[in-house]
Amino acid sequence: MDTYGFGARDLPVLGEWDTVVVGGGTAGASVAISAAREGNSVLVVEKAASLGGTPTHALVTPMMGSRVEHGHNLGEIERRLIALGVKTREDDGLMGYIWFTPETFAEVLEQMLLEAGGTALYDATLASVDVEAGAIRAIEVMTVEGPRAILAKQFVDATGDAVLSRLAGVPCLSGDDDGNNQMSSLRFEMGGIDVDAYRDYCLSLDDDFSPLRQGYFWESAMVAERGFKLEPLFQEAVADGVLQPDDLVYYQCFSLPTEPGCMAFNCPHLPGLKSNASAMARSAALAQGRFRVRRLVTFLTGYMPGFEHAFLIREAGMLGIRESWRIQGTYVLDVGDYIKRARFGDAVARGTWYIDVHSATKGLVHMEKYRAGEYYEIPYRCLTNRVVKNMLTVGRCISTSFLVQASVRIQQTVIDMGDSAGRACARALASGRELADFDGCGLMD
Ligand SMILES: Cc1cc2nc3c(=O)[nH]c(=O)nc-3n(C[C@H](O)[C@H](O)[C@H](O)COP(=O)(O)OP(=O)(O)OC[C@H]3O[C@@H](n4cnc5c(N)ncnc54)[C@H](O)[C@@H]3O)c2cc1C
């Protein structure tokens, strides 16, 4: 087919695949790798210029720990990172963090996708959807050639923001009961840090936040009014007019493997963006975030031991969105499931990370942490919906309550979920069933 009718417009067709994954991020890349490895023809449509999504473009590293047996993709990602010279772990008591740099993560995902036979279409943004009789027939994607139609038997929404799901008419919710989303952040990286001097200073204050006390990796944090030992130094900078009081809401940084003297900063929070459902508000928050990054850099280089010769390397090219829209799917995973460590016959992933809300109005909201060996399962039905039969939704925007999303969203869990979803695509297609009719059993075997 040369052209496809999108309403009154005939669009040139870019191609047709078994499975089209919209969004080549944390979950989407994993879906595409698994589906391609199992024999489907797969295209990933990604608006950025590389795979990896939030870890790659919002500079979110390392992967928080998840103490369960993982799917094939996560194990292979770590093995390939190590083969590229990345030190991914330290015997650190940190419950299974995987350390990486954004570029190596993107490189590994791309290698795995291409070797599995999948294709990536970069610099391509989903614009609209053609739904007919409860199935997506085609999507419209804006490319450098102009708008193009892409056809597939199955579609996967891995946009993080449930963009494809919303365009296709799947009901979604965003935020907590008041419509406030979790705090968003604009992350950044600095170099030229004397990490040993920084660590020695923190330890000299009896700062016991980090379980790491020696070795390559170092993690440090300060949250105002929670007794953090670094707070007086931050308050001194507020008194001097270098920082503003709400710069102290959340500060955290992590070492970067293979980059001595460099650290990745999990801040600043963007308190002006309580609801991130508006395109204009997201853009304004990015501008606000850049001012905040500059203030933090000025503070760190002027006040923090170890940062005397440090400099800003870069700020993220993507806003760090912890939570936005969530589909209202066939099953909604909620706090009851988290509390009872729920098990499901159609499990796609296991989660162990605690409910970790960066609330826009209540500060940090945490729920009971699991003990070693405990986990909950995420059912396949959190990825399906009752509106579109040939689509799955994966990643941070699956069907959960606001609170449970704050556990499900961590990278190891969404990579595992994507791994299973890719297998579901291949097995549903091979058995002639729509994704919504597939039972989802045996995907983690
Ligand atoms: C500030 C912050 C700190 C975090 N800290 C940690 C941490 O320390 N450790 C941890 O494990 N997790 C952490 N997380 C959570 C975790 O990183 C994310 O929840 C997870 O990466 C989300 O994966 P995803 O696949 O759902 O979305 P993403 O990885 O964001 O992927 C979505 C992809 O879709 C693409 N896309 C979106 N719209 C379109 C469109 N219209 N057309 C084409 N492509 C599109 C995007 O470009 C992107 O590549 C943090 C998150 C944030 C924001």
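These values consider heavy atoms only, across backbone and side chains, with no hydrogens, waters or symmetry-generated copies. The structure presented is a predicted model; accordingly, all values stated were derived computationally and were not measured. Counting from 1, the numbers follow the sequence of the chain as shown. Both counts, for ligands and for their atoms, begin at 1 and track the order of listing.
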Handout entry: Which atom of Ala426 lies closest to which atom of Glu38, heavy atoms considered
Key = CB-CB, 3.4 Å
Practice task
Taking the six-membered ring for Trp and the full ring for Phe, Tyr or His, determine whether the centres of Phe438 and Tyr380 are under 6.0 Å apart.
Solution key: yes
Problem - pair Tyr370-Arg341: side-chain heavy atoms closer than 4.5 Å - result: yes
Exercise for the section: State, yes or no, whether a side-chain contact exists between Val357 and Glu323 at a heavy-atom distance under 4.5 Å. Expected result: no
Handout entry: Donor-acceptor contact below 3.5 Å, side chain Arg326 vs main chain Gly175
Key = yes
Problem - Arg292/Glu315 salt bridge by N-O under 4.0 Å criterion - result: no
Problem - Set of residues that line ligand 1, where lining means a heavy atom lies under 4.0 Å from it - result: Gly23, Gly25, Thr26, Ala27, Val45, Glu46, Lys47, Gly52, Gly53, Thr54, Pro55, Val60, Pro62, Met63, Met64, Ala124, Thr125, Leu126, Ala158, Thr159, Gly160, Ser185, Arg187, Asn266, Met318, Gly320, Ile321, Arg322, Gly395, Arg396, Arg409, Ile410, Gln411, Val414
